[in-house]
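Letters go in sequence order (proteins before strands), and every chain restarts at 1.
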Amino acid sequence: MRGGLVEEAENLFDEMPDRNVVTWNTMINGYFKNGQKEKAFGLLGSIPNPDIYTYNTMISGLVQSGDLFGARKVFDKMDSRDVVTWNSIIAGYVHKGMIDEAMQLFHEMPLGMRGRDTVSWIVMVSGLAKEGRLEEGVKLFMMMKESELSPDKATFTSILTICSELPALCLGEQVCAQSIKTALNHTIEVCNAMITMYARCGNMTSALRCFSSMPTHNVISWNSIISGFSHHGLGPQALEMFEEMRFSDVKPNELTFIAVLSACSHAGLVEKGKYYFDYMKDECFLQPTAGHYTCIVDLFGRFGLIDEAMSFIDQMRADGLEVPVSVWGAILGACRVHRNVEVGAVAAENVLAIEPNRSGTYMILAEIYASVGRLNEVERVLTQMKKNGVKKQPGCSWIEMNDGGSVFLSGDKSHLEFDRIVEPLEVLHVDVELMSVGSDQNLVQSCWHSG
DNA sequence: ATAGGGTTAG
């Protein structure tokens, strides 16, 4: 049934001498899995004795084919629902990004023995996380622990991912400890989530320890550790891991090469970057995506090879590919660092043609003009930005500490401890300036800007 | 026997 063999399943089904409700349900599920919604409804109309599995299959099939309201109709008509019924319809709302509606159903569903279970909780926790409502996800996870349900490996995976996005090392380490208690800390999905959590919280030592202690690795494990090193500017270590991966029996995928190419970019390894790009196409038969082109253009551009980056764009066009906005963005960033006014103007024009409402593009272009003293042009760009009704949002950052949080807005000095906070920042700034003395000024600046 | 969930980039 799975591999597109619907017709064969159909024939078998038609010829079966004694079909029972399980056979019917399996057939309905198969139709949905093969995108044949109408045939599924056809069977539903002729099934002699539908049971709760039949309706649950309909709900999940409709949800997965994107028809939430069709699923809701089935849900409303049912006179007895079980926990799977509820979880399926809740997952449907989550799938559509209607998280508040999902939450309402989560509160309405029955509690107790056959009611709200681990799956119900995790659907809501991961649903909140998908919408970026990470703190609410954590709160719900805490509430789940207060109930008598114990987390399983999907729960750990999901909450560790939230920790990596916040990021929240303390909570992440607590969750790791809990997973050890339940002996789920060696399952591949939980380990992969741990690697990402440690990496994104800045602890590559623990990330590597976790990776090394895993019994087996899959492509996600490798991608997680490689991109972890890459993210921290540890290009050589990232490439070392990739070379190790080539000796394993796990095949790299598109994401592996995003990590590898951006590692080359951060480490300034132009030749290696070119080599891996060709290796990906010619040896692994992977079609480069917009993301890969962006990495390679970023690699050239960061190193000041703007002409080479531009000829790469020509090559893309010659291959009949659209030049994605991210590629022009990479060129623009390179022109800022290397003060290339001519190409910078072209890149900005191309970015603005696709995304006219991003204030950052205007600001970078103005900065490029300012850096070479063309103040009339600076004025012109800022006027154009205003004319197009684009407003620059003030920069904003926040930090949470033991006794509460603090929010900072660019230009705002109203924080009670402003002076005490700014002092070490100024020391840091002086340190960076000192670093640039006696070394290549441009290089340090490029690191600073691309931070 | 048949139905519901989780992991990798920027």
Side-chain angles (χ1 to χ4, degrees), chain A residues 1 19-30 32-33 47 50-64 71 74-75 78 81-92 94-95 109 116-127 129-130 137 151-162 164-165 184 187-197 199-200 207 211 214 217-228 230-231 238 250 252-263 265-266 289-295 298 324-327 329-330:
Chain A
M1 188 56 132
R19 296 180 296 201
N20 62 18
V21 65
V22 177
T23 341
W24 288 85
N25 293 345
T26 308
M27 198 64 212
I28 291 177
N29 190 33
F32 275 117
K33 291 279 179 299
I47 182 169
D51 62 4
I52 194 153
Y53 283 82
T54 316
Y55 296 116
N56 288 347
T57 303
M58 289 300 297
I59 291 180
S60 87
L62 287 166
V63 160
Q64 276 158 38
V74 177
F75 178 87
M78 290 170 74
R81 309 179 180 108
D82 66 5
V83 63
V84 176
T85 322
W86 283 93
N87 290 346
S88 303
I89 196 71
I90 292 173
V94 165
H95 194 70
M109 76 184 290
R116 193 186 290 168
D117 67 1
T118 313
V119 176
S120 328
W121 284 95
I122 204 61
V123 165
M124 285 314 304
V125 169
S126 63
K130 263 179 224 155
D152 61 3
K153 64 176 183 171
T155 316
F156 285 126
T157 311
S158 192
I159 192 72
L160 283 168
T161 303
I162 292 183
S164 75
E165 284 172 7
L184 291 166
T187 59
I188 198 157
E189 295 91 341
V190 174
C191 281
N192 291 345
M194 278 187 195
I195 294 170
T196 303
M197 186 277 292
R200 300 207 47 178
F211 180 88
M214 288 171 74
H217 301 123
N218 64 14
V219 68
I220 296 177
S221 326
W222 286 103
N223 291 355
S224 304
I225 194 74
I226 294 171
S227 61
S230 167
H231 236 242
V250 180
N253 65 13
E254 288 88 347
L255 256 52
T256 317
F257 284 100
I258 294 277
V260 167
L261 293 175
S262 62
S265 185
H266 290 306
T289 64
H292 298 110
Y293 286 115
T294 308
C295 286
D298 183 62
V325 66
S326 54
V327 166

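Taking atom CG on A:Asp82 and atom C1' on B:dT2, their separation rounds to 13 Å, with Å as the unit. One can place CG of A:Asn25 at 15 Å from P of B:dA1, the figure rounded to the nearest angstrom. What separates CG of A:Asn56 from P of B:dG5 is a distance of 12 Å, to the nearest Å. As rounded to whole Å, 12 Å separates atom C1' of B:dT7 from atom NZ of A:Lys130. Rounded to whole Å, atom C1' of B:dA1 lies 17 Å from atom CD1 of A:Ile52. In this structure, A:Ile225 places its CD1 atom 14 Å from C1' of B:dT7, rounding to the nearest Å. At whole-Å resolution of the value, CG in A:Asp298 and P in B:dA9 are 17 Å apart. Taking atom CD1 of A:Ile226 as the reference point, atom P of B:dT8 lies 15 Å away to the nearest angstrom.
Judged by distance alone, with hydrogens and angles left aside, A:Asn223 brings no side-chain donor or acceptor close enough to the base of B:dA9 to form a pair under 3.5 Å. One N or O donor and one acceptor, one from the side chain of A:Asp152 and one from the base of B:dG5, sit under 3.5 Å apart.
Of the listed nucleotides (B:dT7, B:dA9, B:dG5), B:dA9 has the atom at the smallest distance from the side chain of A:Ile258. Checking B:dG10, B:dT8, B:dG6 against the side-chain heavy atoms of A:Glu189 singles out B:dG6 as nearest. Residue A:Asp51 has its side chain nearest to B:dT2 when only B:dT8, B:dG10, B:dT2 are considered. Considering only the side chain of A:Val22, B:dT2 comes nearest among B:dA3, B:dT8, B:dT2. Candidate nucleotides B:dT2, B:dG6, B:dT8 were compared by shortest atom distance to the side chain of A:Ser126, and B:dG6 ranks first. Side-chain proximity of A:Leu255 to B:dG6, B:dT8, B:dA3: nearest is B:dT8. Comparing B:dG10, B:dG6, B:dT8 by their nearest atom to the side chain of A:Ser262 picks out B:dG10.
Not counting sequence neighbours, the partners of A:Ser126 by the side chain to side chain contact (heavy atoms under 4.5 Å, CB included) test are A:Ser158. Listed by chain and residue number, A:Val219, A:Trp222, A:Met245, A:Ser248 satisfy the side chain to side chain contact (heavy atoms under 4.5 Å, CB included) test with A:Val250 (two or more places apart in sequence, or in another chain).
A:Asn192 has its side chain within reach of A:Asn218: a pair of non-hydrogen atoms, C-beta onward, lies under 4.5 Å apart.
Residue A:Val123 is classed as a sugar-phosphate contact, given heavy-atom separations below 4.0 Å to backbone atoms only. Using a 4.0 Å heavy-atom criterion, one finds that A:Val63 contacts no nucleic acid atom at all. Note on A:Ser221: nothing from the nucleic acid sits closer than 4.0 angstrom, heavy atoms only.
Of the possible donor and acceptor atoms, none in the side chain of A:Ser164 sits under 3.5 Å from a partner among the backbone N and O of A:Met197.
Here A:Asn29 does not reach the OP1 or OP2 of B:dT2: none of its side-chain N or O atoms lies under 4.0 Å away. A close approach under 4.0 Å does not occur between any side-chain nitrogen or oxygen of A:His292 and OP1 or OP2 of B:dG10.
Salt-bridge check for A:Lys153 with A:Glu189: passed, with a basic side-chain N closer than 4.0 Å to an acidic carboxylate O.
Geometric assessment of A:Arg116 against the ring of A:Trp86 yields a negative cation-pi assignment under the 6.0 Å and 45° thresholds.
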